[in-house]
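Worksheet: the structure to be examined is printed underneath.
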Protein chains: 2
Amino acid sequence: MSDNNSFAYAAVREAISEQIQHGKLAENQPLAAERDLCEQFQVSRSTLRQALSQLENMGLIYRKNRSGWYVCPRKLRYEPTRHVSFLDYAVAQGFTPTTRLLSVQKIKAGAKLSQLMELDGRSTVTALTRLRAVDGRPVLMEQIYFNQRHFPGLEKQDLSLSINAMLKNHYHHHALSTQISIESCCLFTPAAAHLGVNDGALGLKVQRTLRNAEGEIIEFDEELWRHDALVVENHAHIQM
Amino acid sequence: MSDNNSFAYAAVREAISEQIQHGKLAENQPLAAERDLCEQFQVSRSTLRQALSQLENMGLIYRKNRSGWYVCPRKLRYEPTRHVSFLDYAVAQGFTPTTRLLSVQKIKAGAKLSQLMELDGRSTVTALTRLRAVDGRPVLMEQIYFNQRHFPGLEKQDLSLSINAMLKNHYHHHALSTQISIESCCLFTPAAAHLGVNDGALGLKVQRTLRNAEGEIIEFDEELWRHDALVVENHAHIQM
DNA sequence: AAGTGGTCTAGACCACGCC
DNA sequence: GCGTGGTCTAGACCACTTT
């Protein structure tokens, strides 16, 4: 409608998009089956799927396993620089968040990780993998790497809880600096499998480096998000 | 290879991906024609294009007009919170940036914009549209809205230059706060056309609200980026 | 067992860029 | 005018989910 784009897939995209945005389909409700939509819009299945893919990229619909297409719930607003727990954030926005610890290992830092964490080649780090969901829908897989030197007795902590609270209350890290990067990416195994998306699906990668008051890296963190699940936010004061 | 994914498109994707990452294809070099790649990998054109689309989502290749597929140049690192000019940023990273002013208009703020900028319904704002390129490749289209009340004589300024410098030197705004949001999006006309991407291509949307020392919104800014052109960065100090 | 999306083929025609 | 990618069709079979 607003587009002067006269292709078949664009027409289908606009039609479904309007149905969603005018509230005819509620959050997490399924669309009709692909073959039914084909007939409804009189297009072939590949054209229909091109339209659905664009709606997926727009963050309006998502797929679940092989069971169908569903209307996306609203996005989570997330502020990675502020050291407030993911759980508090999500709850404040009316979501029900959960965290599942997938694995904990002590590993030797490889070349890449050593560079990222400014370690020498012989260091070992504790690697955490966690999966976080809102309202039962997994939205991010995160890998956290702790510099062992700064986290004695880490294995005794409950690592499915807030890392921030642990940093503050148990390890007394109060003054920290963060360095964050955000970029578009593709999700593959194993992240794709855990998030319930297709291999090669669109994602958002958020990396975070945490330094203590002395400038040493105490933690490195990589979050792989469903692209349709979040808006990254940041508040800052600046002197020009 | 690292994937246990045995689909044809995945094999093609991995093969091309390795060629690029092992440096057999340089930045901005074209791939072979789609029909040639089909023959080379013994797959149909739609399978081949599925592989190419994923490589595009991974930020490894991009398309230019209808002329072919090319290897992506490295990404620009960009820190929207820091009030350093885009041009300085790009130059420091070895790029050649350019800015083109597309339009300047005084408009009445509609409902949406009034809400975003906390204006009453009768306010007028100055709307700027600019297109920014690095090394000749357009990477973002931005809309900037100035609250007129804080920018007397704006029409006399050169609006293709740094807005930051203008804020500081001409309008003497020194203490500011920013509020930024970043999310995945789809690019449509007119942004898609200006960026030389297909309608419905993947993008990254960066929105910024600028407030003066009194907390009033003086500027609102929406940047639509090619998804493969940037890594958003942020540095912050925090007290827990 | 039936229904769903996921993968894949072998064509076709078109709009546009480039020569 | 030829070659490119962009759109589109009408099938097919498979893996998985749901009933």
Side-chain angles (χ1 to χ4, degrees), chain A residues 3-14 16 28-57 61-71 136-137 186-189 192-193 195-202, chain B residues 3-14 16 28-57 61-71 136-137 186-189 192-193 195-202:
Chain A
D3 280 344
N4 47 7
N5 199 327
S6 59
F7 297 119
Y9 72 86
V12 176
R13 185 230 296 149
E14 293 307 312
I16 298 178
N28 295 309
Q29 286 243 315
L31 302 192
E34 288 186 3
R35 285 158 179 93
D36 292 346
L37 291 170
C38 288
E39 196 164 349
Q40 184 182 325
F41 292 110
Q42 286 295 300
V43 294
S44 71
R45 201 163 150 227
S46 52
T47 299
L48 191 262
R49 280 172 65 82
Q50 190 174 359
L52 294 176
S53 292
Q54 289 198 349
L55 290 164
E56 186 183 32
N57 286 349
I61 62 175
Y62 68 99
R63 17 187 158 189
K64 207 164 64 183
N65 305 318
R66 281 156 202 268
S67 94
W69 294 87
Y70 298 81
V71 177
R137 180 167 167 253
C186 245
L187 303 170
F188 296 108
T189 348
L195 295 173
V197 300
N198 290 351
D199 219 74
L202 217 57
Chain B
D3 278 347
N4 47 7
N5 198 326
S6 60
F7 297 117
Y9 73 87
V12 175
R13 185 229 299 148
E14 293 308 310
I16 298 178
N28 295 308
Q29 286 243 317
L31 302 191
E34 287 186 5
R35 285 156 180 94
D36 292 345
L37 291 171
C38 288
E39 198 164 349
Q40 184 183 323
F41 292 109
Q42 286 295 301
V43 294
S44 71
R45 201 160 152 231
S46 51
T47 299
L48 190 264
R49 279 173 67 81
Q50 190 175 359
L52 294 177
S53 292
Q54 289 199 349
L55 289 163
E56 186 183 31
N57 285 351
I61 62 175
Y62 67 98
R63 17 188 158 188
K64 207 164 63 182
N65 306 318
R66 278 154 204 267
S67 93
W69 294 87
Y70 298 81
V71 177
R137 179 168 167 256
C186 245
L187 303 169
F188 295 108
T189 344
L195 295 173
V197 300
N198 290 351
D199 219 74
L202 219 57

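Letters A, B, ... are given to chains in the order of the sequence lines, protein chains preceding strands, and every chain is numbered from 1.
Taking atom CD on E34(B) and atom P on dT7(D), their separation rounds to 11 Å, with Å as the unit. The CG atom of D36(B) sits 6 Å away from the P atom of dT4(D) (whole-angstrom rounding). L31(B) places its CG atom 16 Å from the C1' atom of dG3(D), with the value rounded to the nearest Å. Taking atom CD of Q50(B) as the reference point, atom P of dG5(D) lies 17 Å away to the nearest angstrom. Rounded to whole angstrom, the span from the CZ atom of R13(B) across to the P atom of dC8(C) amounts to 11 Å.
A search for side chain to side chain contact (heavy atoms under 4.5 Å, CB included) contacts involving S46(A) returns S44(A), not counting sequence neighbours.
You'll find that the side chain of W69(A) is closest to dG6(C), out of dC8(C), dT4(C), dG6(C).
Residue Y9(B) places none of its side-chain N or O atoms closer than 4.0 Å to OP1 or OP2 of dC8(C).
Within the model, atoms CG of L55(A) and CZ of R49(A) stand 13.0 Å from one another, a figure rounded to the nearest 0.5 Å. To the nearest 0.5 Å, the span separating CG on N57(A) from CG on L187(B) amounts to 10.0 Å. One finds the CD1 atom of I61(B) at 13.0 Å from the CG atom of N28(B) (value rounded to the nearest 0.5 Å). Here the straight-line distance linking atom CZ of R13(A) with atom CG of L52(A) works out to 12.0 Å at 0.5 Å rounding.
As judged by a 4.0 angstrom heavy-atom cut-off over every strand, R63(A) is placed among residues touching the sugar-phosphate backbone only.
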Footprint string (nucleotides 9-19 of chain C, 5' to 3'): B base within contact, S backbone only, - free, heavy atoms under 4.0 Å: B--BB-BSS--

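For the pair R137(A) and Y70(A), the NZ or CZ position fails the cation-pi test of under 6.0 Å to the six-membered ring centre and within 45 degrees of the ring normal.
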